[in-house]
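Data first, discussion second: the structure below is written as structure tokens.
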There are 2 protein chains.
Amino acid sequence: MFLPQTAEYGLRAMAQMASRGAGVSVRTKDLAEQTQIPAHYLSKIMRRLVAAGVLESEKGHGGGFRFARPLHRIRFADVLEACGFEIEPNRCAFGLGQCNLKNPCLLHPSFSELNGAIRQWAAKTTLQDVADGTTPIRFVPGA
Amino acid sequence: MFLPQTAEYGLRAMAQMASRGAGVSVRTKDLAEQTQIPAHYLSKIMRRLVAAGVLESEKGHGGGFRFARPLHRIRFADVLEACGFEIEPNRCAFGLGQCNLKNPCLLHPSFSELNGAIRQWAAKTTLQDVADGTTPIRFVPGA
DNA sequence: AACACAGTAGACTTGACTATCCACTGATGT
DNA sequence: ACATCAGTGGATAGTCAAGTCTACTGTGTT
């Protein structure tokens, strides 16, 4: 996998929650069991998602987490960013100073396309798509 | 960047070498300066690439590294794999046991496309493309 | 009021990745 | 032969993400 563990966990947990519907409240312990994520570690991730405004939490008896807004308004990018994973737009692997269209690095042609594809995927895919089991974006190799 | 440092360095170094042409012999020290990669660390990466059959080395005075085969036969995937980075074909972020078309995980529709796109990119792009400044694969979002 | 539940917060440990260093081997030039 | 150059290999140390642990706060139940 190309995602850091934390980001993958975050996405996995949100996908699991999304599959239950938008309004349901979930406890960390249950979610940890269902997703096979270490409970205490998941707890940290959930807090990051609360801080990012993706989730809301309620303490105490009967508490738990629920989505802070409708599923179609929670993009993968939101989840990934909350987990500390961000795809830098103007970064090429050659990485010597700035790299842009006017002053492209050697790897620019190869990289920018892939980089852009990943960013689009993260920006266009939402938890609603997970709930629906659909794919909003398609990659067509060749051409 | 979604690549581990080692993989990024490997790609960067190979791109730099490819831009010089296929047959030229390069010393680690010079390559390290040009690519801004720590010299001793680059040395290790170069050895991995030798072990993987991507490069050939010559010791002693006038020695250095050169490509073991033509540029168009060195794929990004070869370089990345030599650097310890491999994109697992049948891995989804949900990651509970096996995940395939018959028994897809929640994230399967979203993930398999992107995963496949990255793998195709690594498999189809070669150092020759870097030397030419071209992109062999194109991602078409939407549709 | 007392208790149990569940999220909060931060310290702590672990381990993999990154990076550095040095002694060694082999090749070239004088 | 000898000195120098350049890759080899292993030992070592630093850094940061990943994972664990424990005490705290707030909420609901009895």
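Labels below follow one simple rule: chain letters A, B, ... track the order of the sequence lines, proteins then strands, and each chain is numbered from 1.
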Polar side chain donor-acceptor pair, A/D30 to A/Q34, under 3.5 angstrom: no
Test item: B/I74 and B/M14 side chains (from C-beta on) under 4.5 Å apart, heavy atoms: no
Any side-chain heavy-atom pair of B/L71 and B/V130 under 4.5 Å: no
Summary of protein contacts for nucleotides 25-30 of chain C, nucleotide by nucleotide, where a base hit scores B, a sugar-phosphate-only hit scores S (4.0 Å, heavy atoms): BBBS--
Interatomic distance where OH belongs to A/Y9 and P belongs to D/dA18 [whole Å]: 9 Å
N/O donor-acceptor pair under 3.5 Å between A/R48 side chain and A/A82 backbone: yes
Any donor-acceptor N/O pair, A/S19 side chain to A/Q16 backbone, under 3.5 Å: yes
Gap between atoms CZ and P, on B/F85 and C/dC17 respectively (whole Å): 12 Å
Between C1' of D/dG19 and CD of A/E8, the distance in whole Å: 15 Å
Closest non-hydrogen atom pair between A/Y9 and A/P38, with its separation: OH-CD, 3.9 Å
Whole-Å gap separating P (C/dA19) and CD1 (B/I45): 8 Å
Presence of B/T6 side-chain N/O under 4.0 Å of C/dC17 phosphate oxygens OP1/OP2: no
Heavy-atom side-chain contact between B/E33 and B/K29 under 4.5 Å: yes
Dump the pairs, protein N or O against N or O of nucleotides 20-24 of chain C, anything under 3.5 Å, distances to one decimal.
from, atom 1, to, atom 2, distance (Å)
C/dT20, O4, B/K44, NZ, 3.4

Distance, rounded to the nearest Å, where A/R12 contributes CZ and D/dA18 contributes P: 13 Å
B/S57 side chain near D/dT8 phosphate (N/O to OP1/OP2, under 4.0 Å): yes
Sugar-phosphate, base or nothing in reach of A/G64, heavy atoms under 4.0 Å: sugar-phosphate
B/L55 side chain reached by B/M46 side chain, heavy atoms, under 4.5 Å: yes
Min side-chain heavy-atom separation B/V24-B/R66 under 4.5 Å: no
Sugar-phosphate only, base, or nothing, as touched by A/S43 at under 4.0 Å among non-hydrogen atoms: base
Nearest-angstrom distance from the residue atom CZ of B/F65 to P of D/dC5: 17 Å
Note, A/D78 side chain near A/R69 side chain (heavy atom, < 4.5 Å): yes
Atom-to-atom span, CZ of B/R66 to P of D/dG7 - whole angstrom: 12 Å
Distance, rounded to the nearest Å, where A/L42 contributes CG and D/dC21 contributes P: 16 Å
Strand-adjacent residues in residues 23-32 of chain A, judged by heavy atoms under 4.0 Å from DNA chain C: A/V26, A/R27, A/T28
Side chain proximity check, A/F76 to B/L107, heavy atoms < 4.5 angstrom: yes
Side chain to side chain, B/T6 and B/F85, heavy atoms closer than 4.5 Å: no
